Amino acid sequence: MDMEITAGGKPFVHHHSAHCESGVTSALFREKGVEISEPMIFGIGSGIFFGHLFFVKMVGLPITTFRGLPGSVFKKAGKRLGAKFITKRFRNPQKGMDELRQLLKEGKIVGLTTNIYWLSYFPNRFRFQFNGHNLIALREIEGGFRVSDPVLEHPVDCLTDDLERARFAHGPLEPHGFMYYPASVPKNPDIKKACIKGMKDTCNMMLRIPIPIFGIRGMRFLAKRIIASPQKLGFDEACRHLANIVRMQEEIGTGGAGFRFMYAAFLQEAAELFGSDDLKRLSQEMTAIGDIWREFAVVSARIVKQRGNSEDNFSKAGGLMLICAGREEALFRELHIVVRKLKA
Amino acid sequence: MKTNEVPQDITYYEGEKRACYALNDEGKYVIIPSTGWSAEEVFNSLAVAELAANLEETRKAVLNGFKSPLCYHMERRQMTPEILAKTAGIATFRVKRHLRPEIFAKLKLSVLDRYAKALAVSGQELKTVPKSINKEGNHH
């Protein structure tokens, strides 16, 4: 945790977070005096999800997601906690940068959506063309900006040129210089009510979307594809696909096990808030499920590394995912019942 | 995952650490910074090696006159013709044509400038590719 000073002279505490969007949103709330943790924002904003978009390809590989659409956590959490945010997009990069400078001068801190490839303060191997990375600009400094990037341990300096390129990058999900900052945040938001809303929404998203590539059905769909992949695609190509799934699960700021541990942390916090033993038990179950996801990653790593010479094979990896699907289905069904008994 | 199980395998984070959620001794979730996980590195290496191999192939193709240097610089920035077209403000079909060396050679300075700006390279750099393997294809 690092102390920083904004242009308005206010102190800002940087919290190391697992995920960029929930980290930025919770920091914006904290700055307004509402102490709320990253997992809480993630749970209220219904961040956890699953989807296998086999027809959308990045570098020739289908997209697997463990969370909702980029931007949805911020939107949902803000709405459910009764906060009003001002959001802006720009056509003209110059205008977008000028307005950012103006806001910072007024002492505000501003959330920005950026392309991670152009942020050169990241280690090289994390940099790829992805237009959904969020960070907070704190103040202008010589030649750049002081930014609080929640997935890094400490605040960093970002070059002006880098930030402009990152904010106005092109490609899928173009940010168009998207920026956001709170207009009003209630002093004592009704966190309990927001939690209930978030949990109900999550249950619906995981269990009730009638398209078989989302939620629990999506997991089963993908697990079957993994099991069939070596026959269908050949060993090398199947490895590439498998590798991509695990990268989405572990590498891009998920807090471990494709956000499952972060959701378990949310359930734990909610259990204390409501004094509910049911939620506490569900949190423990979520942790156990997260551990199976980690095992899936380990088994997959062995498949890729040992080129099929070990006992680990695609059926075992797919099997683990099927176990996750079964247990998550039971968990969300129970959560759906538990949440109805909770009192806001 | 318990706090003592958070992987601290030294990998490629270049000194950065990533936040992981794990249970402490009292069974409470806390954030533990992780230096990286060896299992995860397997997959990242695979992806990095693939990008590097593709880039190297393109570099050779440029030196042998099959592709234009524009193609190399585009791939170095992990872009596709569609993304480059939007960034430079040039129609996609034209960008695709400019990937052919004989057409690229005849480009006007104004068009080259737009590519150079879009790809964050100098005008000189844009017309050439490195003579030897470029290990840090990602550099600014």
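Quantities reported herein were computed from a predicted structural model and do not represent experimental measurements. Note: hydrogens, waters and symmetry copies are ignored here, and every other heavy atom, side chains too, is used. Note on naming: letters A, B, ... go to the chains in the order of the sequence lines (proteins, then strands), and numbering restarts at 1 for each one.
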Practice item. Decide yes or no on salt bridge (charged side-chain N to carboxylate O under 4.0 Å, His left out) for B/E5 and A/R294, but give the supporting numbers first. Key: CA-CA 11 Å; B/E5 292 165 0; A/R294 298 279 284 187; over 6 Å; no
Check your understanding: In Å and rounded to the nearest 0.5 Å, what is the OG1 to CE distance from A/T287 to B/M1?
Key -> 10.0 Å
**Study point:** Minimum heavy-atom distance B/Y21-A/A18, with the two atoms named
**Key:** CE1-CB, 3.6 Å
Exercise for review: Kindly compute the distance separating CD1 (B/I83) from CD (A/E174), expressed to the nearest 0.5 Å.
Suggested key: 9.0 Å
Practice item. Find out whether B/E40 and A/V246 are in side-chain contact, i.e. whether some heavy atom of one side chain is under 4.5 Å from a heavy atom of the other. Key: no
Check your understanding: Between B/N44 and A/R247, is a side-chain contact (heavy atoms from CB on, under 4.5 Å) present by the stated rule, with each step listed?
Key -> CA-CA 7 Å; B/N44 184 277; A/R247 286 187 75 196; 3.9 Å; yes
**Study point:** Contact summary for A/F128 and B/Q78, nearest pair of heavy atoms
**Key:** CA-OE1, 3.1 Å
Review point. Quick one: OG on B/S38 to NZ on A/K305, what's the gap to the nearest 0.5 Å?
Key: 6.5 Å
Review point. Which atoms of A/A257 come close to chain B, meaning under 4.5 Å heavy atom to heavy atom: side chain ones, backbone ones, both, or neither?
Key: neither
**Study point:** Shortest non-hydrogen contact between A/Q129 and B/R77, atoms and distance
**Key:** NE2-O, 2.9 Å
Check your understanding: So, the side chain of A/Q284 versus the backbone of B/G27: is there a donor-acceptor pair under 3.5 Å, distance only?
Key -> no
Review point. What part of B/L23 lies closer than 4.5 angstrom to a heavy atom of chain A: side chain, backbone, both or neither?
Key: side chain
Practice item. Look up atom CG in B/L119 and atom CZ in A/R165, then write down how far apart they are to the nearest 0.5 Å. Key: 8.0 Å
Review point. Contact part of B/A118 toward chain A, heavy-atom cut-off under 4.5 Å: side chain, backbone, both or neither?
Key: backbone
Review point. Say you draw a straight line from CZ of B/F43 to CD1 of A/I245; how long is it, rounded to the nearest 0.5 Å?
Key: 9.5 Å
Exercise for review: Check for a donor-acceptor pair, side chain of B/E82 on one end and backbone N or O of A/P172 on the other, with a separation under 3.5 Å.
Suggested key: no
Review point. What distance separates B/E50 CD from A/R240 CZ, expressed to the nearest 0.5 Å?
Key: 4.0 Å
Revision key, fill the gap. Taking every heavy atom of B/V42 against every heavy atom of A/A301, the minimum-distance pair comes out as CG1-O, 4.0 Å
**Study point:** Interface residues of residues 93-110 of chain B facing chain A - heavy atom cut-off under 4.5 Å
**Key:** none
Exercise for review: Could you please spell out the steps behind the side-chain contact (heavy atoms from CB on, under 4.5 Å) verdict for B/R18 and A/V151?
Suggested key: CA-CA 7 Å; B/R18 189 178 281 164; A/V151 303; over 6 Å; no
Review point. Heavy-atom distance under 4.5 Å to chain B: side chain of A/P150, backbone, both or neither?
Key: neither
Study note, to complete from the structure: Closest heavy-atom pair, A/S283 versus B/Y29, reported as atoms and distance to 0.1 Å, is OG-CE1, 4.4 Å
Check your understanding: What's the shortest heavy-atom distance between B/I31 and A/E38, and which atoms?
Key -> CD1-OE1, 4.3 Å
